[in-house]
Amino acid sequence: MINYRIGTGYDVHRMVNDEKFILGGVYIPFAKGTVGHSDADVLLHAICDALLGALALGDIGMHFPDTDIQWKNASSLLLLEKVDKKVKEKGFQIGNIDTTLVLQQPKISEYIYQIRENIAKVLDINIGLISVKATTTEGLGYEGRGEGVSAQAVCLLAKD
């Protein structure tokens, strides 16, 4: 009997001038970037939360608290690698990951393939198991005003 688990993740980061903007481990040149304790990679944080949720292991803040100096400015690719280790320790494999970024600017279509490649490499899975989509809010809300970016992720885990 195959044991399946699903998980969802959601994250938000504020966007401000003169900060780096990193999504899926890719630096995206833009006037604004995200603020956070680590590199503020909203997409990878949502994926980490989805994977941890599927394992019923809490959220990213429990494992990498913003009060812990070792995670200050840490690459979220490293956080994802540590979460993936937990997935494997529990005997699960990733069935797929589906994500949606919500932001008005910048347009990220030219970066999506590299983002997917980064995630696939860290998780040691086929790039075809990872979906990264982006949408705007047609100018509505904090994302539409360029004040922040959010990401949603869902994953399927399986164990024989």
Side-chain angles (χ1 to χ4, degrees), residues 1-15 19-28 30 33-103 106 108-135 143 148-160:
M1 180 171 128
I2 298 176
N3 183 3
Y4 293 104
R5 300 275 187 100
I6 61 167
T8 65
Y10 177 77
D11 197 36
V12 175
H13 281 278
R14 190 166 37 99
M15 293 188 79
E19 288 287 337
K20 288 185 178 179
F21 190 38
I22 299 174
L23 288 175
V26 175
Y27 169 71
I28 298 173
F30 191 59
T34 48
V35 178
H37 184 68
S38 64
D39 62 3
D41 190 326
V42 68
L43 179 65
L44 294 184
H45 293 181
I47 292 171
C48 286
D49 270 350
L51 294 168
L52 289 167
L55 297 172
L57 292 178
D59 63 25
I60 193 171
M62 291 175 61
H63 296 270
F64 313 105
D66 63 7
T67 55
D68 190 335
I69 193 69
Q70 74 175 313
W71 308 120
K72 180 71 176 158
N73 298 319
S75 168
S76 294
L77 291 168
L78 173 64
L79 305 183
L80 182 60
E81 183 179 312
K82 291 187 174 293
V83 169
D84 185 49
K85 185 175 179 184
K86 293 176 186 302
V87 170
K88 290 176 174 139
E89 286 171 353
K90 294 285 187 179
F92 284 91
Q93 61 184 10
I94 296 171
N96 75 306
I97 295 172
D98 184 27
T99 66
T100 304
L101 287 157
V102 183
L103 71 167
I108 63 155
S109 58
E110 69 183 275
Y111 304 102
I112 287 179
Y113 188 80
Q114 181 62 54
I115 290 168
R116 291 175 63 219
E117 275 189 331
N118 286 352
I119 296 166
K121 183 177 179 183
V122 168
L123 299 176
D124 192 27
I125 61 175
N126 185 294
I127 193 170
L129 299 177
I130 301 161
S131 171
V132 175
K133 305 176 301 295
T135 190
E143 295 111 332
V149 56
S150 66
Q152 299 174 23
V154 62
C155 71
L156 175 68
L157 301 182
K159 178 182 356 181
D160 288 335

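Counting from 1, the numbers follow the sequence of the chain as shown.
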Please table the atom pairs, donor to acceptor, closer than 3.5 Å between any side-chain atom in residues 36-60 and protein atoms at least two apart or in another chain.
unit_1	atom_1	unit_2	atom_2	d
H37	ND1	D66	O	3.3
H37	NE2	D68	O	3.0
H37	NE2	K72	N	3.3
S38	OG	A40	N	3.4
S38	OG	H45	NE2	3.2
D39	OD1	D41	N	3.2
D39	OD1	S76	N	3.4
D39	OD1	S76	OG	2.4
D39	OD2	S76	N	2.9
D41	OD1	G24	N	3.0
D41	OD1	L43	N	3.3
D41	OD1	L44	N	3.2
D41	OD2	G24	N	2.9
D41	OD2	G25	N	2.8
H45	ND1	D11	OD2	3.2
H45	ND1	H13	NE2	3.2
H45	NE2	S76	OG	2.8
D49	OD1	I60	N	2.6
D59	OD1	G61	N	3.1
D59	OD1	M62	N	3.0

So do the side chains of [X] and [Y] get within less than 4.5 Å of each other, counting heavy atoms only?
X	Y	result
Y4	K159	no
F92	N3	yes
Y111	L23	no
V102	V149	no
N118	V122	no
T135	L101	no

Once rounded to the nearest 0.5 Å, what's the spacing between atom [atom1] of [X] and atom [atom2] of [Y]?
X	Y	atom1	atom2	answer
I125	N96	CD1	CG	8.5 Å
L103	I28	CG	CD1	8.0 Å
I22	Y27	CD1	OH	8.5 Å
I94	R5	CD1	CZ	14.0 Å
K121	Q114	NZ	CD	9.0 Å
S75	E81	OG	CD	9.0 Å

- [ ] Spell out, as yes or no, whether a donor-acceptor pair under 3.5 Å connects the side chain of R116 to the backbone of I127.
- [x] yes
Task: Under 3.5 Å donor-acceptor, T8 side chain and V154 backbone - done: no
- [ ] Pick out which of I130, D84, T99, L77 makes a side chain to side chain contact (heavy atoms under 4.5 Å, CB included) with I119.
- [x] I130
Task: Over 12 foreign heavy atoms within 6.0 Å of NZ, K88 - done: yes
- [ ] Inspect the surroundings of NZ in K82 and state if more than 12 heavy atoms from other residues, nucleotides or ligands are less than 6.0 Å away.
- [x] no
Task: ring pair (Phe, Tyr, Trp, His ring centres under 6.0 Å) pairs, two or more places apart, involving residues 47-67 - done: F64-W71
TODO: Would you tell me whether E143 and S150 have side-chain atoms, one donor and one acceptor, within less than 3.5 Å of each other?
DONE: yes
